[in-house]
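Okay, structure first, notes after.
Because the structure is a prediction, the values reported are computed rather than measured. First listed ligand is number 1; within each ligand, the first listed atom is number 1. These values consider heavy atoms only, across backbone and side chains, with no hydrogens, waters or symmetry-generated copies.
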Amino acid sequence: MAVESQVSYPLSPPASENHTKALEFIEEMTRNIDAVQERVLAEILSRNADTEYLRRFRLNGKTDRDTFKSNVPVVTYEDLQPEIQRIANGDRSPILSSHPISEFLTSSGTSAGERKLMPTIHEELDRRQKLYSLLMPVMNLYVSGLDKGKGLYFLFVKAETKTPSGLLARPVLTSYYKSDHFKTRPYDPYNVYTSPNEAILCVDSFQSMYTQMLCGLIMREEVLRVGAVFASGLLRAIRFLQLNWQQLADDISTGTLNPKITDPSLRESISKLVKPNPELSEFITKECSEENWEGIITRIWPNTKYLDVIVTGAMAQYIPTLDYYSSGLPLSCTMYASSECYFGLNLKPMSTPSEVSYTIMPNMAYFEFLPHEPNAPALSRDSPPRLVDLADVEVGKEYELIITTYAGLNRYRVGDILQVTGFYNSAPQFRFIRRKNVLLSIDSDKTDEAELQKAIENATALIKEFNTSVVEYTSYADTKSIPGHYVIYWELLVKDPANSPTDEVLNQCCLAMEESLNTVYRQGRVADNSIGPLEIRVVKNGTFEELMDYAISRGASINQYKVPRCVNFTPIMELLDSRVISVHFSPAAPHWIPERRR
Ligand code: AMP
């Protein structure tokens with residue numbers, strides 16, 4: 001197939017008839033993207049023609065692109081919230097989709113502090129499954145022998161809730177791992193995992209991680225690839241090993257299972273795998289008790305060919321740490337997906353992170369692209385923006401992704417900014433540039449400027465009684481230690497130095513900020529342990545003026561200078577850190593419960 005014309009990596013031929021079929025499917029889709037897109041839109045519009053939503057826009061049975069584009073508005077989640085709320089409350093009439101909404105997928109993007117609820121329909125599982133089924137056939141073109149061993153993947157389910165009418169609301173991966181598509185998947189030598197389903201499906205994050213790590217250690221020599229969905233997840237697993245290797249080595253030495261593993265089906269499944277193996281236990285003890293953990297992944301799993309984790313977008317901040325722990329193993333970003341829709345895959349999965357481009361599969365949804373002009377005025381319904389079709393995007397340009405899905409999102413703004421890097425056949429390939437309006441992110445949390453501002457305001461209420469205010473602030477996502485945490489730099493105006501806020505009060509300010517951050521942040525702090533306690537660093541008076549002087553010395557205009565609300569440029573960090581006069585951490589975890597607040 002023509003994939004060969006693009007690659008610089010030694011290739012193997014397709015491994016099996018299934019792989020050949022998958023590669024042919026990619027060929028067919030990428031050669032005919034415009035025709036496939038036209039068909040997908042027509043299918044979506046004809047099946048959803050009688051939905052309340054589409055009837056509003058008087059398509060009158062038309063399913064062509066022109067009518068669709070001129071009648072149906074581009075929307076955000078907030079625009080759809082009334083419809084989504086009605087579905088959540090139990091209205092089963094065809095509001096957005098003619099097929100029944102089977103559940104809501106809870107996005108890590110939030111609206112008013114809560115996860116967005118994305119409607120989905122049952123058949124979307126097949127579409128997601130189809131995209132997954134393309135990944136290993138492509139990978140096998142670049143890395144051979146992956147059928148001769150296992151993948152150590154740290155995969156987790158998260159808490160699920162129900163809407164007032166009883167529809168499930170859960171993250172898309174939780175929905176997928178709990179589906180029969182995943183649980184009863186047929187044996188495929190290219191997709192054998194060290195983790196049994198019971199370990200992946202255990203909702204207790206400690207028990208799940210512990211048993212997945214234990215299995216990975218027991219089968220260490222069979223492991224050919226190590227991964228997690230996002231880079232932060234894999235690093236959390238390494239941190240877990242740092243904290244728990246003694247107990248893990250103990251279990252392996254004695255052939256018993258840590259009593260903290262209490263889930264009955266998990267205990268049963270893992271107990272069968274744990275046999276006394278003092279030699280392995282000694283090996284783990286020797287490697288893990290060393291002060292220096294550089295290359296620990298390759299030391300413990302010596303046959304690992306690559307790390308399978310997303311390191312594009314916000315996750316790029318973890319590349320140096322992954323390189324450190326893996327002695328620079330290749331990092332593979334295989335796919336690009338969201339709760340709203342799975343988009344596409346990386347046809348050159350062994351390319352270095354900065355070169356990664358994703359090819360959107362035109363069968364997944366109908367895709368449009370809003371040219372991204374950072375200073376353009378906000379969209380208005382009166383002057384609709386000109387959206388570009390998948391086949392018409394131009395190399396080098398940046399676009400915001402807009403999708404129309406089978407499940408009933410029409411011209412929905414995902415919020416991702418992509419840049420076209422080239423074409424594979426007639427299919428454009430995109431570099432993920434960033435998600436709009438994200439200031440701080442450690443794991444799947446996304447905090448925007450308004451949320452940070454609100455958190456600061458809530459926290460400053462605590463120092464008001466000390467006649468103190470925050471004159472300036474900025475923030476930084478500190479990922480040097482795992483888990484990473486938010487750092488907020490504060491310059492204070494203390495009007496009455498004899499009665500300045502105490503240490504204890506400033507610690508409480510950290511917690512007050514955390515309490516007002518969104519639910520994904522708080523879940524990361526409380527349930528997933530993927531985010532560490534928030535830190536406030538109080539800096540000397542005049543620091544932010546120095547920051548401005550520095551920016552101006554580098555060419556910023558005095559008139560237009562704005563305090564950056566997030567920083568990560570080393571000289572600026574060094575300036576800020578050299579002016580720190582006190583450091584405070586959140587003394588407790590904020591509140592979080594799986595249930596939505598509204
Ligand atoms: P969620 O809404 O929680 O399902 O998260 C989906 C979002 O995660 C996407 O809209 C992207 O912003 C981000 N994302 C997913 N896949 C990738 C990827 N391969 N590279 C960078 N960001 C990604």
Practice task
Establish, yes or no, whether the cationic atom of K130 lies under 6.0 Å from the six-membered ring centre of F25 and within 45° of the ring axis.
Solution key: yes
Practice task
Look at the aromatic rings of F430 and F369 and report parallel, tilted or perpendicular, splitting at 30° and 60°.
Solution key: parallel
Exercise for the section: Name all pairs fulfilling the salt bridge (charged side-chain N to carboxylate O under 4.0 Å, His left out) condition that reach into residues 153-171, sequence neighbours left out, sorted by first residue then second. Expected result: E103-R170, K158-D528, E160-R170, E160-K178
Expected rows: ligand 1 N/O, protein N/O, dist below 3.5 Å:
{"residue": "ligand 1", "atom": "2 (O)", "partner": "S107", "partner atom": "OG", "Å": "2.9"}
{"residue": "ligand 1", "atom": "2 (O)", "partner": "S339", "partner atom": "OG", "Å": "3.2"}
{"residue": "ligand 1", "atom": "3 (O)", "partner": "S108", "partner atom": "N", "Å": "2.8"}
{"residue": "ligand 1", "atom": "3 (O)", "partner": "S108", "partner atom": "OG", "Å": "2.5"}
{"residue": "ligand 1", "atom": "4 (O)", "partner": "S339", "partner atom": "N", "Å": "2.9"}
{"residue": "ligand 1", "atom": "4 (O)", "partner": "S339", "partner atom": "OG", "Å": "2.7"}
{"residue": "ligand 1", "atom": "10 (O)", "partner": "D416", "partner atom": "OD1", "Å": "3.2"}
{"residue": "ligand 1", "atom": "10 (O)", "partner": "D416", "partner atom": "OD2", "Å": "2.7"}
{"residue": "ligand 1", "atom": "10 (O)", "partner": "R435", "partner atom": "NH1", "Å": "3.0"}
{"residue": "ligand 1", "atom": "12 (O)", "partner": "D416", "partner atom": "OD1", "Å": "2.8"}
{"residue": "ligand 1", "atom": "12 (O)", "partner": "D416", "partner atom": "OD2", "Å": "3.3"}
{"residue": "ligand 1", "atom": "12 (O)", "partner": "R435", "partner atom": "NH1", "Å": "3.4"}
{"residue": "ligand 1", "atom": "19 (N)", "partner": "M335", "partner atom": "O", "Å": "2.9"}
{"residue": "ligand 1", "atom": "19 (N)", "partner": "Y358", "partner atom": "OH", "Å": "2.9"}
{"residue": "ligand 1", "atom": "20 (N)", "partner": "T312", "partner atom": "OG1", "Å": "2.6"}

Exercise for the section: With sequence neighbours left out, write down each residue that passes ring-ring contact (aromatic ring centres under 6.0 Å, His included) with Y177, or none if nothing qualifies. Expected result: F182
Exercise for the section: Could you tell me whether the side chain of V438 reaches within less than 4.5 Å of the side chain of T447, counting heavy atoms only? Expected result: no
Problem - Sequence neighbours excluded, every pair satisfying side-chain hydrogen bond (donor to acceptor under 3.5 Å, both in side chains) that has a member inside residues 309-321 - result: T312-Y358
